[in-house]
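Heads up: the structure comes next, in structure tokens.
Read the numbers this way: they start at 1 and go in the same order the structure lists the ligands and their atoms. Every heavy atom of this structure was used, including side-chain atoms; hydrogens, water molecules and symmetry mates were not.
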Amino acid sequence: MKGLKQIARLWVYLKNYKGQFFLSIFGTVVSSIANALEPFIIGLAITEITKNFADMLRGVEGAGMNYPYLTQILILYFVRGMFFHGGQYLAQYTLTNVVQQGMRDLRNDISSKINRLPVSYFDKHQIGDILSRVTSDVDAITNALQQSLVQVLNGLLSISFAIVMMVTLNIPLAFVVILTIPLAIIVARIIISASQSSFRGQADALGDLFGFTQENLNGFTEIKLYGKEEDSITEFKRRNLNLRDQGFKASFISSLLAPIVGLISNFAYIIVAMVGSYFAFNGALTIGNLQAFVQYVWQVNQPITTIAQLSGIMQSAGAAAGRIFEFLDESEEVQGMVTTELPEKVKGAVEFDHISFSYNPKNPLMKDISVRVNPGEMVAIVGPTGAGKTTLVNLLMRFYDVDGGSIKVDGVDIKKITRSDLRKHFGMVLQDAWLYQDSVMENLRFGKLDATDEEVIHAAEIANVNHFIQTLPNGYGMEINQEASNISLGQKQLMTIARTVLSDPDILILDEATSSVDTRLEKLIQEAMDKVMEGRTSFVIAHRLSTIRNADLILVMDQGSIIEQGTHDSLLAQGGFYANLYNSQFSKTAAE
Ligand SMILES: Nc1ncnc2c1ncn2[C@@H]1O[C@H](COP(=O)(O)OP(=O)(O)OP(=O)(O)O)[C@@H](O)[C@H]1O
Ligand SMILES: [Mg+2]
């Protein structure tokens with residue numbers, strides 16, 4: 001079974017806690033043995049009591065209850081109970097420890113894996129899918145290991161020890177009980193495989209409903225706007241009904257298992273009772289051991305039901321493990337030959353030397369681009385949407401590697417240094433500012449983790465955002481919620497500027513915010529950006545050309561090529577693409 005192989009691979013995560021793991025197995029063995037002894041010990045008491053009674057009825061001289069012997073049996077029973085419960089506790093406690101620690105290690109591995117993946121991985125995979133691997137898949141494994149492992153082992157041991165006990169007590173009768181085992185297994189397999197296909201149907205129906213709900217929540221405003229509430233409710237009801245039907249079918253089939261295996265056990269009871277009482281009359285079996293046999297029938301068949309039921313959980317855990325390992329085996333950002341390092345501070349000379357690149361080999365994007373930027377210069381990149389502006393920056397940061405040519409920072413080919421060595425010299429202010437769920441203070445401190453509160457506030461002042469933060473309820477202590485929807489886009493951008501000020505990068509990349517900002521905020525952002533750009537090499541992806549008139553170099557891009565480059569004045573004088581673009585924006589602004 002493929003799932004079993006994946007579960008076996010989980011051993012890597014459990015073996016660090018081997019000692020406790022084997023202690024857990026030891027506890028299970030002890031409790032299983034104690035469990036198998038129970039019917040036998042009770043049988044001893046029953047045999048003695050019936051013998052005493054029979055003697056008393058027959059009027060045997062000095063007959064009566066043999067209390068000293070019965071007390072010994074009671075003590076034995078009690079000691080057995082201690083081993084049984086003690087063993088169970090030990091098994092569960094140590095296993096919980098092992099599983100929880102192992103799964104923590106697994107989650108850590110997944111998390112560090114995420115950080116080693118190339119950016120291109122996220123072009124091909126959905127975030128939600130990765131998220132579900134970290135959360136629900138790990139959860140499924142944790143539950144399966146914690147609950148099922150002990151129970152399955154317990155069940156197998158219980159069956160084995162019960163068989164050993166029965167064979168020692170009476171071989172022919174043991175044979176009768178053992179014969180029912182394959183019958184119970186066959187029935188269990190048939191029912192389980194039938195229920196599994198309907199459980200799959202249930203999971204699909206649930207996923208279907210989940211996806212629909214998520215879509216609706218995402219498009220909440222649009223649904224209201226277009227008055228589609230009724231349609232949405234009808235569709236939800238239809239999917240919900242489907243889930244009910246699938247769920248009912250799955251539960252119905254799987255709930256047949258216990259009663260049917262129970263029926264087989266009852267059948268075995270009858271035979272054991274009939275054959276057993278015959279042996280008892282002949283004196284080949286004591287009355288107590290006959291009673292013990294009846295209980296062993298149960299000890300053999302009940303675990304079969306349990307194991308069959310757990311096999312479903314084990315299978316889905318196997319599938320979950322498969323998905324996680326597939327993710328962990330994903331190829332990582334490859335690091336070519338690292339031959340050198342950048343100094344602590346770089347001057348900021350950047351050179352694109354005949355580079356070519358495409359996201360997809362079938363769709364060539366950039367070919368032979370060359371640009372030279374001197375330290376401290378401000379470079380503006382302009383052009384229509386899809387021109388390749390963001391791509392140029394992605395290449396500079398090595399989110400993607402160039403296919404041909406080279407990019408040099410201070411004369412060093414960036415392929416010859418590690419990505420982290422390169423990226424620590426860069427600061428980025430992006431269009432969709434990224435904030436996470438924590439206080440404003442911590443969000444800003446992300447730029448430099450060891451910054452003091454004073455340093456953070458100072459950076460916020462430079463970024464023109466200190467005043468705004470102070471007017472927030474709770475000021476710097478205000479919690480940003482998960483979607484960061486409780487502050488506006490422009491304010492978010494000011495905050496990321498403050499973060500960048502704090503990190504004090506050598507080279508700056510700004511992806512200019514577009515329309516969604518009001519003019520007052522726009523002016524604040526512009527001022528803040530001017531301040532951070534001072535004295536650093538900066539690349540500005542600009543949409544409003546008015547903001548880049550004083551750039552040292554303007555790159556005009558279209559369809560993956562640089563079609564014009566120069567200063568504002570020289571480009572205007574050329575009267576080409578840029579001049580057209582500028583004039584059209586300018587006349588629009590003038591007309592407003
Ligand atoms: N991750 C990606 N995978 C495949 N193709 C991509 C990817 N990112 C961008 N592209 C394609 O590459 C081209 C350049 O995109 P890029 O994002 O660099 O444009 P842009 O100039 O930044 O546009 P915008 O002004 O809209 O931000 C586009 O055709 C785009 O569809
Ligand atoms: Mg872009």
Which residue owns the protein heavy atom closest to atom 27 (O) of ligand 1, what's the atom, and how far is it?
Thr390 OG1, 3.8 Å
What atoms of ligand 1 come within less than 4.0 Å of a heavy atom belonging to Thr391?
14 (C), 15 (O), 16 (P), 18 (O)
Pair listing, ring pair (Phe, Tyr, Trp, His ring centres under 6.0 Å) test, anchored in residues 359-388, at least two apart
Phe357-Tyr359, Tyr359-Tyr400
Taking salt bridge (Lys or Arg N to Asp or Glu O under 4.0 Å) as the cut-off, I'd like each qualifying pair that reaches into residues 352-372, sequence neighbours left out, listed once.
Glu351-Arg372, Asp353-Lys408
Using a 4.5 Å cut-off on heavy atoms from C-beta on, say whether the side chain of Arg536 contacts that of Pro505.
yes
Result, protein N, O or S atoms below 2.8 Å from the Mg ion (ligand 2), excl. waters, equals 1
Establish whether atom 30 (C) of ligand 1 and some protein heavy atom are separated by less than 4.0 angstrom.
no
If the contact criterion is a heavy-atom separation under 4.0 Å, does Gly388 count as touching ligand 1?
yes
Which one holds for Ile541 and ligand 1: side chain close, backbone close, both close, or neither close, with close meaning a heavy atom under 4.0 Å?
neither
Given the rule in the salt bridge (Lys or Arg N to Asp or Glu O under 4.0 Å) test, do Arg549 and Asp569 qualify, once you have shown the distances and angles that lead to the verdict?
CA-CA 8 Å; Arg549 255 178 295 198; Asp569 292 333; over 6 Å; no
For atom 1 (N) of ligand 1, what's the nearest protein heavy atom and its distance?
Asp123 OD2, 2.8 Å
Would the number of heavy atoms belonging to other residues, nucleotides or ligands and lying under 6.0 Å from NZ of Lys531 be above 12?
yes
Side chains of Met378 and Phe539: does their closest heavy-atom pair fall under 4.5 Å?
no
For the pair Asp410 (side chain) and Ala349 (backbone), establish whether a donor and an acceptor sit closer than 3.5 Å, ignoring hydrogens and angles.
yes
Check if Asn360 has a non-hydrogen atom at a distance under 4.0 Å from any atom of ligand 1.
no
among protein heavy atoms, the one nearest atom 6 (C) of ligand 1 is Tyr359 CD1, 3.2 Å
Are Ile114 and Phe122 close enough that some pair of their side-chain heavy atoms sits under 4.5 Å apart?
yes
Quick check on atom 17 (O) of ligand 1 - does any protein heavy atom sit closer than 4.0 Å to it?
yes
Hey, looking at atom 23 (O) of ligand 1, which of Gly560, Ala387, Gly386 has the closest heavy atom?
Gly386
A student checking ligand 1 against Tyr400 at a 4.0 Å heavy-atom cut-off should list atoms 1 (N)
Measure from the side-chain N and O atoms of Arg244 to the backbone N and O of Asn240, and report whether any donor-acceptor pair falls under 3.5 Å.
no
Nearest protein heavy atom with distance in Å, relative to atom 26 (O) of ligand 1:
Thr385 OG1, 2.5 Å
List for me each residue that meets salt bridge (charged side-chain N to carboxylate O under 4.0 Å, His left out) alongside Lys416, sequence neighbours excluded, and say none if there are none.
none
Apply salt bridge (Lys or Arg N to Asp or Glu O under 4.0 Å) to the pair Glu330 and Lys113, showing each step before the final yes or no.
CA-CA 9 Å; Glu330 202 65 58; Lys113 177 75 189 189; over 6 Å; no
Can you tell me which residue and heavy atom of the protein come closest to atom 25 (O) of ligand 1, and the distance to 0.1 Å?
Lys389 NZ, 2.8 Å
Look at Arg9 together with Asp329 and state whether they make a salt bridge at an N to O cut-off of under 4.0 Å.
yes
